Amino acid sequence: MAALAASAAAAPPAPVGIGIEGVHKSFGAVHALVDINIGVRAGEFLALIGPSGCGKTTLLKSIAGLIPIDSGRITVGERVVTGPGPECSVVFQDFALMPWATVQHNVEFGLLLRGVPAKERAETARRAIAKVGLGGSFEYAYPSQLSGGMQQRVGLARALAVNPQVLLMDEPFASIDEQTRRVFQDDLLRLWSAERKTVVLVTHSMEEAIYLSDRVVVLSPRPGRVHQVLDVPLPRPRESGDVRATADFARMVDGLWQVLRKLQ
Amino acid sequence: MISPDLGGTPPARLPREAFVALAVLAALWETLARLSPALGIPAFAVPSLVRIGEALTKITPLDVAVTLARVLGALAASFALGVAGAVVMYLSQTADRYAKPIVRLLMAVPVVSWILFAILWFRWVEFRIGFVLVVVCAPVFLIDILDAMKGVSRELREMVRSFRPTRVQFFVKLMLPATLPAILTSWKINLSLAIRVVTIAELVGAVTGIGHQLAVAQELFSVANVFAWTLVLVVLLFALEAAVNWLEHRLLRWRT
């Protein structure tokens with residue numbers, strides 16, 4: 001995994017920004033999102049955090065085009081989102097791996113649907129698998145033969161294989177143990193430093209939000225509104241030093257906690 | 001594309017206990033056959049294993065082949081109809097709401113009623129048998145496959161949608177492999193169902209097939225022949241189930 005950047009053969013596409021303007025979304029009588037306005041800069045790492053049920057995942061899936069919004073506008077680059085687009089890849093909380101397919105075939109999946117020839121598909125998938133640190137003996141394993149952390153790496157490799165400009169991550173570390181999570185977070189930061197994709201991360205973890213992101217958007221309890229946007233001015237690269245042990249990190253996590261505590 | 005060490009366990013074989021149980025059953029039967037005159041039971045009612053064996057040597061392969069062809073042909077047609085119906089009902093909630101009561105109604109009609117309807121409605125014997133088999137088996141396929149499709153996890157469906165599949169890709173690349181375990185289970189259920197239904201259908205209308213031979217044996221009071229043809233039916237069902245099990249082992253090795 002240390003050679004994340006070095007193994008990238010295909011040039012990463014230029015990142016694009018995301019515009020979220022006046023977005024409303026209801027499920028029947030339940031208002032999930034109300035007047036959401038967020039601008040995500042190209043190449044930015046943005047975290048969405050808030051109490052359970054505040055609409056974080058709904059907003060992420062709306063950006064992905066998987067959930068239609070009731071009103072407002074979401075743009076990814078120049079494209080107004082009306083459905084899933086080629087710029088975005090999603091990493092799902094419970095991995096969403098196909099249990100009947102090997103790691104290699106899972107990672108190839110997006111390319112297969114795009115009609116990429118078999119040889120090119122296999123090569124690209126192998127590179128993506130290597131990028132996330134699973135190369136070698138795991139290509140032909142089935143998801144059930146992997147640990148949770150490994151399965152999520154496969155999910156990330158699948159998202160990366162299609163070379164997206166935007167990576168949308170829905171609590172990707174929620175089902176992973178603490179040690180694996182920290183290693184994975186560092187790996188993700190290295191990957192992001194190398195490829196500079198625009199990343200939107202939904203998380204419940206304050207430490208994770210501060211450690212990974214440039215800005216943290218705090219959503220209020222249902223109906224979800226943008227309560228506050230916090231800048232994270234911690235220096236980068238964070239993965240090579242022990243940022244978590246610094247006083248600034250602790251102060252920022254505490255600051256985020258003070259904001260979230262008032263929302264409980 | 002699977003490394004050798006990842007292969008699954010082989011399909012289950014008949015355990016020793018099953019052989020022992022069958023041998024005990026055969027021994028009990030033979031004892032009953034020998035004691036039947038002393039017990040006041042007519043000798044023809046409980047034929048000895050030798051007589052059943054003799055009847056087995058007179059089995060006509062053509063009748064077995066005809067019944068097998070009817071079962072497999074009707075099941076193939078039922079499967080095609082079941083899949084088509086399930087896809088339409090999955091895609092359209094309106095179709096689902098209107099069609100489901102009809103499908104449930106069809107499933108509630110007794111097989112004997114379908115046979116009587118077939119005799120009253122159709123003249124051609126093969127069509128009668130095919131009709132009865134399809135009308136009994138297709139709804140089972142439909143409901144099983146539809147339930148399996150609806151059971152595919154939301155995350156998997158969203159994952160596939162995020163890559164913008166065509167409708168054909170959605171069904172071929174996701175729904176087909178995701179529902180394959182349910183499809184194979186449905187085939188096993190329908191094989192058993194079809195073997196039983198075809199026998200009854202052949203009893204009342206056909207001039208060939210195992211059901212017809214059973215009717216002939218009954219007219220001749222030949223219990224040995226009834227036993228022999230019944231054994232053939234049971235072995236036929238086991239063989240077909242073994243074929244599906246083999247297929248299941250090949251296609252679903254990821255589950256082991």
Side-chain angles (χ1 to χ4, degrees), chain A residues 57 60-61 63-68 82-106 108-116 118 122 125 136-146 154-155 158-159 161-162 164 166-168 170-171 175, chain B residues 1-11 83 90-91 93 144-145 148-187 244-256:
Chain A
T57 296
L60 189 89
K61 289 183 178 175
I63 299 169
L66 294 170
I67 294 179
T82 53
E87 315 87 357
C88 299
S89 268
V90 185
V91 178
F92 292 87
Q93 181 179 351
D94 290 324
F95 323 132
L97 299 181
M98 298 176 294
W100 56 86
T102 60
V103 166
Q104 175 80 18
H105 288 150
N106 265 290
E108 283 183 24
F109 190 69
L111 301 163
L112 175 74
L113 295 194
R114 288 185 181 184
V116 175
S137 56
F138 292 104
E139 283 95 336
Y140 305 119
Y142 288 100
S144 61
Q145 296 168 314
L146 305 178
V154 178
R158 179 181 56 201
V162 294
V166 176
L167 207 50
L168 303 170
D170 184 12
E171 297 189 51
S175 310
Chain B
M1 296 288 278
I2 295 155
S3 64
D5 62 320
L6 297 177
T9 52
V83 169
Y90 181 82
L91 289 174
Q93 286 193 356
D144 286 351
I145 294 168
M149 290 202 307
K150 287 181 175 175
V152 174
S153 80
R154 182 190 209 156
E155 263 208 341
L156 265 183
R157 284 183 281 129
E158 286 182 339
M159 182 278 291
V160 174
R161 280 185 55 219
S162 75
F163 290 116
R164 299 178 302 145
T166 62
R167 191 162 276 185
V168 172
Q169 284 177 325
F170 183 81
F171 280 99
V172 173
K173 302 296 180 190
L174 173 66
M175 285 300 172
L176 179 61
T179 59
L180 195 56
I183 289 174
L184 290 170
T185 303
S186 193
W187 265 93
V244 178
N245 284 337
W246 176 82
L247 206 60
E248 195 173 40
H249 173 68
R250 298 279 303 170
L251 297 175
L252 305 182
R253 73 175 83 195
W254 55 269
R255 293 204 303 188
T256 55

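Order of the sequence lines fixes the chain letters, A, B, ..., with proteins taken first and strands second; residue numbering starts at 1 for each chain. The analysis underlying the following values was restricted to heavy atoms, covering all of them including side chains, and did not include hydrogens, waters or symmetry mates. This is a predicted model, so every value here is computed, not measured.
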task: Output the distance between atom CD (A:Glu171) and atom CG (A:Asp94), rounded to the nearest 0.5 Å.
output: 9.5 Å
The single option from A:Asn106, A:Leu113, A:Leu111 passing side chain to side chain contact (heavy atoms under 4.5 Å, CB included) against A:Phe109: A:Leu113
Proximal component of B:Leu251, with respect to chain A [non-hydrogen, under 4.5 Å]: neither
message: Heavy-atom count check: over 12 atoms from other residues, nucleotides or ligands less than 6.0 Å from A:Lys61 NZ?
response: yes
- prompt: In terms of heavy-atom pairs under 4.5 Å, which option from A:Ser144, A:Gly85, A:Cys88 contacts chain B the most?
  reply: A:Gly85
- request: Pick whichever of B:Pro181, B:Pro165, B:Ser162 has the most heavy-atom pairs under 4.5 Å with chain A.
  value: B:Ser162
- line: The interface call for A:Phe95 against chain B, heavy-atom contacts under 4.5 Å, is backbone
task: Could you tell me which portion of B:Ser153 (side chain, backbone, both or neither) has an atom closer than 4.5 angstrom to a non-hydrogen atom of chain A?
output: neither
field: Residue part contacting chain B, namely of A:Pro143, when any heavy atom lies under 4.5 Å
entry: neither
- prompt: chain A: which of B:Arg255, B:Arg164, B:Gln169 shares the most heavy-atom pairs with it under 4.5 Å?
  reply: B:Arg164
query: Would you find more than 12 non-hydrogen atoms of other residues, nucleotides or ligands less than 6.0 Å from A:Arg114 atom CZ?
result: yes
query: In terms of heavy-atom proximity below 4.5 Å to chain B, should A:Leu112 be classed as side chain, backbone, both, or neither?
result: both
- prompt: From B:Phe170 CZ over to B:Leu91 CG, what is the distance, rounded to the nearest 0.5 angstrom?
  reply: 8.5 Å
- request: Grab the two heavy atoms, one from A:Val162 and one from A:Ala159, that are nearest each other, plus how far apart they are.
  value: CG2-O, 3.3 Å
